[in-house]
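Got a structure here, written out as structure tokens. Questions coming.
Quantities reported herein were computed from a predicted structural model and do not represent experimental measurements.
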Amino acid sequence: MAALSFDEHFKAPKLFNRISEVKDNLLFYDESALPIVPEAFDIIVITECLHATKNSSVYTGYFTDRGGKRYEEYDVAFKFGDEEQLCQEAEKYDKMFRLQGKAIPRLVGLAFADLTRGGFLACLMTEKFGSALDCKLISLARSEKAIILNHLQSVHDKRLIHADFKESNVLQRGSEFRLVDFDHMQETHKCTGSGKAIDFTQQPNSFSMEDWRAICPYVRVPALDMDFWDDGTVFFKGYFGKRRAYRPLES
């Protein structure tokens with residue numbers, strides 16, 4: 001299927017406004033997601049565009065009943081895009097079933113609507129959780145970095161690699177965090193770590209070589225980039241060293 005134009009993304013919500021027209025094409029991936037969706041909902045109302053590119057667009061919205069009454073407890077994120085791409089992303093959510101509502105948002109379902117030029121437009125629905133980080137990962141408190149790294153580790157433990165880990169793909173709500181956007185996820189990861197279970201909330205400020213070897217590079221590198229171990233140790237091209245305190249040159 002050809003890439004969708006921006007105009008099609010912009011108009012996408014209108015294709016799903018009357019959800020009763022696409023109910024036959026509405027898929028739910030597991031029963032735990034069903035409570036998110038009201039049984040008698042009729043219309044999806046789009047409230048805000050969060051993100052739009054040539055490949056997909058993400059909106060927030062909610063469900064209403066046939067009388068137009070809003071279901072206040074059901075705020076949802078709607079991602080519109082290519083049918084094949086979003087089907088693959090939904091399958092990745094399904095593989096991370098036990099992480100939903102913990103490390104990643106809960107998957108609500110996947111819906112399809114006909115495009116006038118042929119083919120289908122897909123809509124991936126997940127719970128609306130917080131908002132994207134508005135600061136650099138490196139500037140977070142160490143306890144917050146630990147939570148995010150544990151989420152990254154839990155995805156890795158499913159033999160999956162996020163592969164697009166950055167601020168815009170980390171959502172925050174108070175002291176909770178979720179990872180999102182699995183378009184580039186690698187599903188054939190062969191880990192080079194030792195397999196030792198790592199809990200970043202229990203990691204000391206300085207790391208041991210045992211822990212260093214245990215942590216897979218796909219988790220270790222983000223931890224280093226976030227300056228998680230801030231004891232002055234630096235690692236460059238296989239070598240370790242200590243940062244020296246800055247001393248201005250004498251005039």
Legend entry - Side-chain donor/acceptor of Glu167 to backbone N/O of Leu133, under 3.5 Å: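 Looks like no, no N/O pair under 3.5 Å.
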Legend entry - Those residues that, when tested against Ala132, pass side chain to side chain contact (heavy atoms under 4.5 Å, CB included) (two or more places apart):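 Listed in chain order: Leu171.
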Inset, instruction - Mind checking the CD-CG spacing from Gln172 to Leu140? Nearest 0.5 Å is all I need. - result: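 Rounded to the nearest 0.5 Å, the CD-CG separation comes out at 6.5 Å.
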Legend entry - All ring-ring contact (aromatic ring centres under 6.0 Å, His included) counterparts of Phe182, not counting sequence neighbours: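 ring-ring contact (aromatic ring centres under 6.0 Å, His included) list for Phe182, sorted by chain: Tyr93, His162.
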Legend entry - Of all pairs that satisfy side-chain hydrogen bond (donor to acceptor under 3.5 Å, both in side chains), the ones with a partner from residues 128-141, not counting sequence neighbours: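 Checked against side-chain hydrogen bond (donor to acceptor under 3.5 Å, both in side chains) - neighbours excluded - no pair reaches residues 128-141.
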Inset, instruction - Identify, with sequence neighbours excluded, every residue that meets side chain to side chain contact (heavy atoms under 4.5 Å, CB included) alongside Gln202. - result: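 Result, side chain to side chain contact (heavy atoms under 4.5 Å, CB included) vs Gln202: Asp199.
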Legend entry - All ring-ring contact (aromatic ring centres under 6.0 Å, His included) counterparts of Tyr218, not counting sequence neighbours: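 Here the qualifying residues are His189.
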Inset, instruction - Using salt bridge (charged side-chain N to carboxylate O under 4.0 Å, His left out) as the criterion, list what pairs up with Lys79, not counting sequence neighbours. - result: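 Here the qualifying residues are Glu89, Asp181, Asp183.
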Legend entry - Residues forming a side chain to side chain contact (heavy atoms under 4.5 Å, CB included) with Lys166, sequence neighbours excluded: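 Partners of Lys166 under the side chain to side chain contact (heavy atoms under 4.5 Å, CB included) test: Asp164, Ser168, Asn169.
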Inset, instruction - Name all residues meeting the ring-ring contact (aromatic ring centres under 6.0 Å, His included) criterion together with Phe177; count only those two or more places apart in sequence or in a different chain, and write none if there are none. - result: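 Result, ring-ring contact (aromatic ring centres under 6.0 Å, His included) vs Phe177: none returned.
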Legend entry - Listed partners of Phe200 passing ring-ring contact (aromatic ring centres under 6.0 Å, His included), at least two apart: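 If we apply the ring-ring contact (aromatic ring centres under 6.0 Å, His included) test to Phe200, skipping adjacent residues, the hits are Phe228.
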Legend entry - Fellow cluster residues of Ile138, listed by chain then number, with links counted only when side-chain atoms sit under 4.5 Å apart: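 Members besides Ile138: none; it forms no cluster.
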Legend entry - Non-neighbouring partners of Arg159 that pass side-chain hydrogen bond (donor to acceptor under 3.5 Å, both in side chains), sequence neighbours left out: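 Checked Arg159 against side-chain hydrogen bond (donor to acceptor under 3.5 Å, both in side chains); zero matches.
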Legend entry - Those residues that, when tested against Glu187, pass side-chain hydrogen bond (donor to acceptor under 3.5 Å, both in side chains) (two or more places apart):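 Lys95.
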